[in-house]
Amino acid sequence: MNQRRRSAYVPQEIEPKWQKIWADRGVMKAADTSTKPKYYDLVMYPYPSGDLTVGHARNYVMGDILARLKRMQGYEVLHPFGWDAFGLPAENAAMKRGGIHPQTWTIENIAKGKRELKMMGILYDWDREVSSCVPDFYHWTEWLFLLFYKRGLAYRAMSPVNWCPVDKTVLANEQVVNGRCWRHPDVEVEKRDLEQWFFKITDYADRLLDDLALLEKWPTKVRVMQTNWIGRSEGAEVDFPIVGHEGESIRIYTTRPDTLFGATFMVLAPEHPLVEKITIDKQRADVREYVEKARKASEIDRLSTERAKTGINTGAFAVNPVNGEKIPIWIADYVLMTYGTGAIMAVPAHDERDFEFARRFNLPIREVIAPPGGPQRDLSEAFVGPGVMVNSGEFDGLESKVGFDRVIAWLENKGEGKRAIKYRLRDWLISRQRYWGCPIPIIYCEVDGIVPVPAKDLPVLLPEEYKPLSENPDFFKTTCPICGRDARRETDTMDTFVDSSWYFLRYLSPTDTTEPFDPELANYWMPVDQYTGGVEHAILHLLYSRFFIKVLHDAGMLEASEPFMRLFNQGMVKRFGQVMSKSAGNGVSPDELVAKQGADAGRIYEMFIGPPEEDVEWNDAGLNGVVRFLQRVWRLVIEPDSIVVGGSGADPVLLRRKVAQTVKNVTDDYEELRFNTAVAYLMELANAMQDYLQQGGARDESWDHAVRTLVKLLNPIGPHIAEEMWERLGERSMLADAQWPEFDAAAAAEPEVTLVVQVAGKVRDRLSVPAGLSQDQALEKALGSDRVKAALDGGGPSKVIYVQDRLINLVP
RNA sequence: GUCGGCGUGGCGGAACGGCAGACGCGCCGGACUUAGGAUCCGGUGCCCGAGAGGGCAUGGAGGUUCAAAUCCUCUCGCCGACACCA
């Protein structure tokens with residue numbers, strides 16, 4: 001019997017069987033013409049690095065559970081998959097492997113990854129698979145670039161850009177982390193002046209910010225991160241005339257116009273265009289030296305708040321428009337050319353940075369906002385809070401909040417300034433000096449200038465030969481579409497975040513040869529109902545995708561104005577304290593897992609291991625618990641005879657109740673992505689069923705119901721074993737087609753509840769009472785208890801608190 | 001520095017303000033076994049107690065409440081994001 005038992009559940013036999021059946025029957029194919037409600041279940045498409053471990057698979061298992069659940073619940077489910085296939089790693093890997101083509105490497109990895117996903121029992125509609133590096137896809141990335149260009153949202157500009165010396169390409173601001181390249185945390189980014197393509201995401205700053213309010217089902221953390229990233233601030237721009245330069249003035253931006261009277265000097269960024277012009281002769285040499293040094297200083301040094309402030313006086317003066325005061329103009333690198341106007345008015349009494357600077361260079365500090373307790377006696381630090389305006393002429397006595405608007409009104413009236421809103425967000429630099437990316441479909445003609453490639457000539461194909469596009473005349477030599485003269489193609493390619501900003505639309509009509517996506521289908525499927533992926537994309541990818549959707553919405557191509565309704569960021573799987581990866585040598589591959597314990601055990605373990613949003617530590621012993629659970633389930637369902645009976649009977653009503661409660665708990669947990677507790681409830685049910693049999697419970701209708709319900713509830717998370725058991729139960733239809741169990745509230749209700757009696761907050765007795773007892777009856781019961789009487793110490797309760805019908809609290 | 005999040009048994013972790021520690025791992029004891037790293041049964045927060053039972057427990061200190069892991073204040077520790085944005 002032991003032998004028979006042990007050979008009973010063999011995942012290695014049943015898993016390939018069902019994977020084949022699902023594929024043959026096209027179980028996860030999404031129909032575009034369906035009367036069912038739709039559910040678009042999206043997982044972030046991965047970079048095909050060839051490093052797929054069970055850690056990555058955890059994310060896809062979550063998506064798969066939802067897809068299978070929603071399918072059983074009667075939704076038309078779209079669960080597609082694809083590959084973020086352009087990008088640098090392919091070029092680097094190709095180089096390492098002696099000049100093989102990035103495409104070869106990429107295609108190999110895609111094949112490998114696909115096999116491993118299937119092996120884990122994760123079902124996608126593979127007919128819709130997309131890959132950003134194939135012409136069928138990047139044709140439309142180019143097309144979308146041209147759409148942006150036509151709408152004035154793509155422009156070319158010379159600007160100081162972030163240059164990664166290792167990747168030999170520019171980076172978007174978002175790809176610079178602490179002054180270093182996002183791919184190489186030990187490599188400092190350099191500044192270079194280059195002419196590059198940008199997307200004008202700043203035009204959408206307000207909408208990207210405001211619409212965050214619509215994304216209620218996004219994690220607060222991600223919404224906060226996006227809010228901070230966009231960094232909206234309200235204030236005023238003010239012009240300070242320059243003494244001795246008739247008609248010239250310096251425009252500054254401030255968020256505190258109410259402190260204008262406290263401006264005792266001005267500071268320009270070293271790169272500010274007026275620096276050369278206004279600097280007096282005596283200071284010229286020193287100023288030039290300072291500017292030169294600042295230019296060389298790396299971003300990381302410059303941004304360090306630890307560093308003492310540096311700066312230099314230009315010798316020039318400006319006039320404060322509110323009081324006509326002459327104030328000196330300084331230069332300092334703590335003022336950034338890339339934010340605001342690149343110039344500030346310094347109010348040392350009410351700004352920490354200005355304060356520090358004034359102290360260091362002995363510049364005057366004048367208090368113009370009095371804190372609640374009245375003016376400060378000693379100005380030992382900047383007071384940055386709100387207060388009452390002082391030393392501010394006609395504005396004296398105003399609350400700073402009121403003064404804010406009054407001063408702006410005054411400035412606008414005099415034509416000296418205006419209300420202004422600034423953002424931290426910068427435009428998105430999309431040019432990359434790389435081969436393995438989507439070509440930018442632009443031609444430069446000496447006569448006609450920047451000429452977009454006509455739509456009929458798309459796609460601009462990457463040349464087969466793997467070498468820099470700018471060194472490949474077969475690629476860049478072309479003729480002008482307008483005048484026919486010799487012209488040169490743009491040889492930069494696009495940031496791969498452009499591809500990933502719209503890939504989820506391509507799934508909807510992946511073979512469409514006339515447009516990037518079918519608007520009608522997009523209006524059926526979009527927005528995405530559930531998007532699952534790593535929190536590392538909380539800013540870049542999600543912000544860019546939101547921007548794309550808004551542009552497409554404005555272009556009339558899409559009804560949706562937000563791409564993803566519900567977002568979930570899953571945690572990472574670690575092993576030996578480190579994030580699991582093949583290259584780190586701590587990876588567990590799907591191959592190993594499936595061969596040893598099976599895909600189902602692996603899937604369930606990955607969900608049971610901890611809360612889905614938390615990082616978790618993989619531990620091989622824990623996996624055994626899940627294997628035991630599956631063996632127990634198998635025995636209960638397939639071989640209940642093998643269970644030793646040691647009792648004289650068990651109540652089927654109790655079994656039904658447990659089943660009904662489990663339906664509720666597991667369904668809710670799956671829907672809210674609380675997979676760890678969903679598994680716990682399934683285990684509880686299996687334990688209860690085992691107890692039932694051991695106590696001699698009848699294998700009647702209630703038992704049958706329990707068995708079938710357990711199998712169904714198990715299906716999304718452990719689909720192979722569930723499907724096999726379903727078949728062996730003699731069911732004719734596939735479990736994948738079965739209906740999700742309905743919650744039976746009546747069966748789930750407890751007829752008896754435990755009445756917990758507290759005296760002054762301490763539990764004194766527990767009494768089993770019928771549910772729905774009136775509160776007076778409950779009190780009577782409670783007072784009938786000797787232990788309660790003893791605790792009340794003779795006297796009766798002076799106060800009684802009832803909570804639901806299960807708890808009663810007596811206060812002596 | 002600023003803003004978030006988190007501190008619960010030996011471990012991973014459960015707990016609408018209402019029985020703290022579900023579920024699992026591990027461990028202890030037992031049954032069945034040639035054997036057990038299979039399976040089954042029982043136990044397992046700490047302290048006192050033979051037992052019934054009692055006391056103490058959710059990083060620490062206060063507070064609100066009949067009642068706090070949960071809410072508030074302070075504090076310590078860990079993790080994450082941002083970091084001279086005027």
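In what follows, chains carry the letters A, B, and so on, assigned in the order in which the sequence lines appear, proteins first and then strands, with residues in each chain numbered from 1.
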- Which nucleotide, B/rC84, B/rC40, B/rC23, lies nearest any side-chain atom of A/Tyr334? B/rC84
- Task: Both distances under 3.5 Å, Watson-Crick or G-U wobble: report the partner of B/rC74, or none.
- Result: B/rG60
- B/rC25 phosphate, OP1 or OP2, under 4.0 Å from A/Arg628 side-chain N/O: yes
- Message: For the C1' atoms, the ones on B/rU58 and on B/rG49, what distance do you get once it is rounded to whole angstrom?
- Response: 26 Å
- Indicate the ring-plane relationship of A/His541 and A/His537, choosing parallel, tilted or perpendicular according to the 30° and 60° boundaries. perpendicular
- Query: Say you pick atom P in B/rA52 and the same atom in B/rA38; how far apart are they, in whole Å?
  - Reply: 32 Å
- Query: Given atom CH2 of A/Trp618 and atom P of B/rC25, what is their separation to the nearest angstrom?
  - Reply: 15 Å
- Query: If pairing requires Watson-Crick or G-U wobble contacts with both distances under 3.5 Å, which nucleotide is the partner of B/rA69?
  - Reply: none
- Query: With the threshold set at 4.0 Å, does a side-chain nitrogen-carboxylate oxygen contact exist between A/Glu237 and A/Arg419?
  - Reply: no
- Message: Please report the distance separating the C1' of B/rC23 from the corresponding atom of B/rG17, rounded so that it comes out in whole Å.
- Response: 24 Å
- Message: Using a heavy-atom cut-off of 4.0 Å across all strands, would you classify A/Thr338 as base, sugar-phosphate, or nothing?
- Response: nothing
- Locate the shortest heavy-atom distance separating A/Arg424 from A/Asn228; write the atom from each residue and the value. NE-O, 3.6 Å
- Query: According to the salt bridge (charged side-chain N to carboxylate O under 4.0 Å, His left out) rule, which pairs have a member within residues 217-227 of chain A, sequence neighbours left out?
  - Reply: none
- Base-pairing assignment for B/rA81 (Watson-Crick or G-U wobble, both under 3.5 Å): B/rU2
- For B/rG12 versus B/rC79, give the span between their P atoms, rounded off to a whole number of Å. 15 Å
- What integer number of Å spans the P atoms of B/rA57 and B/rG42? 32 Å
- Query: For atom P, what is the distance between B/rG18 and B/rG53, given to the nearest Å?
  - Reply: 26 Å
- Please give, in whole Å, the distance from B/rU39 P to A/Gln694 CD? 14 Å
- On RNA chain B, nearest-nucleotide positions of A/Lys799 versus A/Lys422: which is more 5'? A/Lys799
- When you get a sec, tell me which of B/rC25, B/rA86, B/rG80 is the closest nucleotide to the side chain of A/Lys221? B/rG80
- Task: On RNA chain B, check which nucleotide each of A/Met225 and A/Arg256 is closest to and give me the residue with the more 5' one.
- Result: A/Met225
- Assigned partner base of B/rG51, Watson-Crick or wobble definition, under 3.5 Å: none
- Query: A/Gln694: what forms a side chain to side chain donor-acceptor pair (under 3.5 Å) with it, not counting sequence neighbours?
  - Reply: none
- Item | Which nucleotide in B/rA86, B/rC23, B/rC40 has an atom nearest any side-chain atom of A/Ala680 | B/rC23
- Message: B/rA38, OP1 or OP2 - any side-chain N/O from A/Gln631 closer than 4.0 Å?
- Response: no
- Under 4.0 angstrom between A/Tyr253 side-chain N/O and B/rA86 OP1 or OP2: no
- Task: Kindly determine whether A/Glu617 and A/Lys574 satisfy salt bridge (charged side-chain N to carboxylate O under 4.0 Å, His left out), including the steps that lead there.
- Result: CA-CA 5 Å; A/Glu617 176 76 20; A/Lys574 299 183 167 186; over 6 Å; no
- Should A/Gln690 be listed as having a side-chain N or O under 4.0 Å from OP1 or OP2 of B/rC41? yes
- Is A/Glu684 touching bases, backbone alone, or none of the nucleic acid, heavy atoms closer than 4.0 Å? sugar-phosphate
- Message: Without decimals, in angstroms, what is the distance between A/Trp330 CH2 and B/rC84 P?
- Response: 22 Å
- Task: If B/rA31 has a Watson-Crick or G-U wobble mate with both distances under 3.5 Å, name it; if not, just say none.
- Result: B/rU39
- Can you tell me how far C1' of B/rC23 sits from CG of A/Asn665, to the nearest Å? 12 Å
- Message: Without decimals, in angstroms, what is the distance between A/Gln597 CD and B/rG37 C1'?
- Response: 14 Å
- Between A/Ile421 (CD1) and B/rA86 (P), how many Å, whole number? 13 Å
- Query: Considering every strand shown, what is the Watson-Crick or G-U wobble mate of B/rA15 when both distances are under 3.5 Å?
  - Reply: none
- Please work out whether the ring planes of A/Tyr544 and A/Trp428 are parallel, tilted or perpendicular, with thresholds of 30° and 60°. parallel
- Message: As a test of reading the structure: which of B/rA81, B/rC82, B/rC40 is closest to the side chain of A/Arg424, going by heavy atoms?
- Response: B/rC82
- Message: Could you identify the nucleotide paired to B/rC25, looking across every strand shown and requiring Watson-Crick or G-U wobble geometry with both distances under 3.5 Å?
- Response: B/rG10
- Message: Tell me whether A/Glu606 is salt-bridged to A/Arg58, with the criterion being a basic N under 4.0 Å from an acidic carboxylate O.
- Response: no
- Task: Return the orientation label for the A/Tyr9 and A/Trp634 ring planes: parallel under 30°, perpendicular over 60°, tilted otherwise.
- Result: tilted
- Item | P gap between B/rG13 and B/rC19, integer Å | 23 Å
- Query: What does A/Gly231 touch in the nucleic acid at a heavy-atom separation under 4.0 angstrom: a base, only the sugar-phosphate, or nothing?
  - Reply: nothing
- Item | Between C1' of B/rA15 and CG of A/Asp669, the distance in whole Å | 12 Å
- Kindly label the base of B/rG24 as syn or anti, based on whether its glycosidic torsion lies within 90° of 0. anti
- Message: Mind checking if A/Asp354 touches a base, just sugar-phosphate, or nothing, with heavy atoms under 4.0 Å?
- Response: nothing
- Rounded to whole angstrom units, what separation is found between the CG atom of A/Asn624 and the P atom of B/rU39? 9 Å
- Query: Between A/Lys309 and A/Phe357, is NZ or CZ placed under 6.0 angstrom from the six-membered ring centre and within 45° of the ring axis?
  - Reply: no
- Query: Is it true that A/Asp641 and A/Arg635 make a salt bridge, defined as a side-chain N closer than 4.0 Å to a carboxylate O?
  - Reply: no
- When you compare B/rA20 with B/rA69, how far apart are their C1' atoms, in angstrom units rounded to a whole number? 8 Å
Show me the protein contacts with nucleotides 5-14 of chain B, counting only N or O atoms at under 3.5 Å.
from	atom 1	to	atom 2	distance (Å)
B/rG12	O2'	A/Ile609	O	2.7
B/rA14	OP1	A/Asn676	ND2	3.0

